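The structure appears right after this line, and notes come after that.
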Number of protein chains: 2
Amino acid sequence: MTKKIAIYGKGGIGKSTTVSNIAAIYAKQGLKTLVIGCDPKADTTRTLCGKRIPTVVNTLKENKKPEKEDLIFKGYNGIQCVESGGPEPGIGCAGRGVIVAMKRLENLDVFSENFDVIIYDVLGDVVCGGFSVPLREKYADETFIVTSGEYMSLYAANNISRGILKLKSKLSGIILNSKGTSNEDEIVQEFSSLINTKIIGKINRSELIQISELDAKTVVEKYADSDETKEYEKLAQDILNYNNYSTPTPLDDEVLEEFFKKF
Amino acid sequence: MTKKIAIYGKGGIGKSTTVSNIAAIYAKQGLKTLVIGCDPKADTTRTLCGKRIPTVVNTLKENKKPEKEDLIFKGYNGIQCVESGGPEPGIGCAGRGVIVAMKRLENLDVFSENFDVIIYDVLGDVVCGGFSVPLREKYADETFIVTSGEYMSLYAANNISRGILKLKSKLSGIILNSKGTSNEDEIVQEFSSLINTKIIGKINRSELIQISELDAKTVVEKYADSDETKEYEKLAQDILNYNNYSTPTPLDDEVLEEFFKKF
Ligand SMILES: Nc1ncnc2c1ncn2[C@@H]1O[C@H](COP(=O)(O)OP(=O)(O)O)[C@@H](O)[C@H]1O
Ligand SMILES: Nc1ncnc2c1ncn2[C@@H]1O[C@H](COP(=O)(O)OP(=O)(O)O)[C@@H](O)[C@H]1O
Ligand code: SF4
Ligand SMILES: [Mg+2]
Ligand SMILES: [Mg+2]
């Protein structure tokens with residue numbers, strides 16, 4: 001029974017960092033894992049493969065009939081990695097790369113292989129066009145939103161939960177990727193319950209995570225015995241074992257503003 | 001001769017804060033000013049009108065034939081304010097609100113009124129669909145990008161300049177909205193010249209700006225004699241007097257990464 005999860009959140013909030021590190025944990029545990037980057041930044045899998053891999057969109061420019069090995073690249077501990085990529089800004093839909101990538105992987109029967117875990121890392125600044133595909137087309141069964149205690153990321157989380165509601169999908173939980181701002185835990189805790197979900201796990205802010213990234217590695221690979229790795233272990237486990245979800249109750253913009261102001 | 005400028009930048013970087021404050025300066029100088037919010041967040045004009053105004057998209061749900069006064073609201077010192085709004089996340093294009101708003105204002109002959117300044121505040125996390133309209137359709141002649149020294153905002157700035165290049169539009173300059181990170185001035189200075197533009201002005205990080213926002217006012221209105229207001233005065237002047245622009249030379253993702261790493 002493949003665990004298919006989509007990770008959404010504001011740009012820069014820490015989706016790729018979270019996705020790559022929990023994927024590394026799953027791979028260490030011997031789980032057959034597929035990571036699909038659905039962010040035009042196309043850098044989700046950089047720390048898993050040690051460098052940026054070719055995107056599906058760019059590969060298709062040169063090769064009209066790509067095989068699996070032209071689109072999927074093996075990374076740390078055999079994790080299979082795909083980057084959708086995106087069209088040039090200003091032209092068509094930024095999410096078009098995701099639509100194209102999903103179709104190609106579908107046609108190559110990638111989704112019928114027996115992966116233990118499939119993780120989608122999806123841009124969440126807008127929830128439209130290709131970026132809603134993982135939810136809309138049921139490529140993912142569960143959605144987690146990465147946020148910090150900052151207003152901007154909560155605004156995005158609220159917006160994403162509107163998309164989830166609209167697309168009749170389910171919200172499994174909030175991943176708190178700490179920025180260390182004031183009252184952060186309390187703010188995110190209360191926000192989560194206001195939108196009818198809960199915090200599934202928390203990752204503390206840590207320089208080690210950034211240092212590993214500069215070395216194009218996950219902290220799980222580079223600092224295997226660190227507290228940081230233990231945190232990702234716990235989060236990966238909690239996500240894997242979690243089989244609950246809810247229909248979110250997004251807040252009106254004014255209500256979200258008022259909520260945030262009282263802190 | 002109407003000065004028509006578009007302000008782009010990553011979500012949360014400070015576009016609305018910059019736009020509302022320079023608009024307030026123009027209005028204080030007696031310039032007939034129109035501010036058009038092109039961000040689904042629809043809060044560009046909140047500090048100019050003292051509260052959130054109805055968006056064009058929402059107004060159209062109830063009123064199929066809106067007049068100017070249903071879409072344009074007067075704010076601080078007579079500034080005329082419009083919020084495009086956006087469709088529900090997950091449905092259609094997030095930028096659709098901008099397309100709809102522009103058409104409506106066009107049909108009501110708003111653009112043929114003799115404004116001295118028209119400022120577009122545009123989401124820049126993706127440069128597609130409606131969000132490229134201010135550039136594509138020549139609603140704006142000049143584009144400025146707001147950035148800080150943080151990688152995420154520079155990545156977005158670089159992406160936006162790709163959109164500008166693709167749409168055969170012009171980049172007038174970079175507005176440095178400081179986050180106070182290390183080597184910020186140097187990083188943004190060098191980035192600007194690498195993409196063939198320059199820093200048009202800088203706004204320092206200041207609590208006063210946030211305090212004013214909590215009071216739904218610009219710092220120009222609430223703290224008229226402050227250094228912060230003087231900074232916006234200088235920026236507004238420099239933007240108004242600036243009549244230069246360039247074709248940007250966006251960097252490849254890898255080149256941008258390397259550039260950032262050396263700091
Ligand atoms: N818990 C953390 N501690 C320290 N730095 C982090 C943490 N999570 C993310 N970062 C850093 O923040 C930046 C943005 O993270 P990233 O995962 O690329 O965001 P996203 O994929 O959401 O755009 C990266 O430089 C990353 O190293
Ligand atoms: N120079 C500044 N100093 C302090 N706070 C700022 C500054 N510029 C913006 N901010 C704050 O940052 C947040 C995001 O700014 P905003 O203008 O809404 O961003 P955007 O419109 O780009 O999404 C706001 O809370 C705003 O008050
Ligand atoms: S659907 Fe979303 S990603 Fe696609 S063009 Fe519209 S705003 Fe851009
Ligand atoms: Mg990412
Ligand atoms: Mg804004």
Side-chain angles (χ1 to χ4, degrees), chain A residues 8 10-14 39-43 46 51-52 55 85-96 123-133 135-136 150-153 155-156 158-169 210 213-214 216 250 252-254 256-257 260-261, chain B residues 8 10-14 39-43 46 51-52 55 85-96 123-133 135-136 150-153 155-156 158-169 210 213-214 216 250 252-254 256-257 260-261:
Chain A
Y8 277 81
K10 178 168 178 53
I13 195 58
D39 189 319
K41 275 198 274 170
D43 62 0
R46 179 178 162 275
K51 57 177 159 63
R52 285 168 162 272
T55 66
E88 292 234 36
I91 304 226
C93 177
R96 189 136 178 64
L123 177 144
D125 301 287
V126 289
V127 190
C128 54
F131 302 119
S132 58
V133 157
L135 302 178
R136 217 183 334 127
E150 298 159 304
Y151 180 71
M152 289 291 139
S153 70
Y155 182 93
N158 192 54
N159 211 36
I160 293 160
S161 63
R162 278 184 192 134
I164 294 172
L165 177 67
K166 202 72 198 181
L167 295 168
K168 300 188 167 50
S169 185
Q210 287 165 328
E213 188 182 74
L214 284 171
D252 284 340
D253 285 347
E254 288 80 350
L256 179 66
E257 250 178 63
F260 195 78
K261 267 193 198 162
Chain B
Y8 278 80
K10 179 169 178 56
I13 194 60
D39 190 318
K41 274 198 275 172
D43 62 1
R46 179 177 163 275
K51 58 176 158 64
R52 283 168 164 273
T55 67
E88 290 234 38
I91 305 228
C93 177
R96 192 140 174 62
L123 176 143
D125 300 286
V126 288
V127 190
C128 54
F131 302 120
S132 59
V133 157
L135 302 179
R136 217 183 333 125
E150 299 158 302
Y151 180 71
M152 289 290 138
S153 70
Y155 182 93
N158 191 54
N159 211 37
I160 293 159
S161 62
R162 278 184 190 134
I164 293 173
L165 177 66
K166 201 75 199 177
L167 296 168
K168 299 189 168 48
S169 184
Q210 287 166 327
E213 188 181 74
L214 284 171
D252 285 340
D253 285 348
E254 289 81 348
L256 179 65
E257 250 178 61
F260 196 78
K261 269 193 197 162

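These numbers were taken from a predicted model, which means no experiment stands behind them. Throughout, protein chains are lettered first and strands after them, A, B, ... in sequence-line order, and every chain is numbered starting at 1. Hydrogens, waters and symmetry mates are skipped; everything else that's a heavy atom, side chains included, is used.
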For chain B, which of A/Glu150, A/Arg52, A/Glu88 has the most heavy-atom pairs under 4.5 Å? A/Arg52
Does a sphere of radius 6.0 Å around CZ in A/Arg96 hold more than 12 heavy atoms from other residues, nucleotides or ligands, not counting ones at 6.0 Å or beyond? no
Where does B/Leu123 contact chain A at under 4.5 Å (heavy atoms): side chain, backbone, both or neither? side chain
One thing to verify: whether A/Arg46 and B/Glu254 come together as a salt bridge, which I'm taking to mean a side-chain N less than 4.0 angstrom from a carboxylate O. no
So what's closer than 4.5 Å to chain B heavy atoms on A/Leu167: side chain, backbone, both or neither? side chain
With rounding to the nearest 0.5 Å, note down the distance linking OH in A/Tyr151 to CD in B/Glu213. 8.5 Å
Can you tell me which of B/Asn159, B/Ile164, B/Asp43, B/Leu135 forms the most heavy-atom pairs within a distance under 4.5 Å of chain A? B/Asn159
Heavy-atom count around B/Lys261 NZ within 6.0 Å, excluding the residue itself: above 12? yes
A/Gly90, A/Ser169, A/Gly86: which one forms the most heavy-atom pairs within less than 4.5 Å of chain B? A/Gly90
Indicate yes or no for a side-chain donor-acceptor contact from B/Lys41 to the backbone of A/Tyr155 under 3.5 Å, with no hydrogens or angles considered. no
One option among A/Ser161, A/Ser132, A/Pro87, A/Gly92 has the most heavy-atom pairs under 4.5 Å with chain B, and it is A/Gly92
Please give me the minimum heavy-atom distance between B/Lys166 and A/Pro89, naming the atom from each residue. CB-O, 3.7 Å
Shortest non-hydrogen contact from A/Lys10 to B/Gly12? NZ-N, 4.4 Å
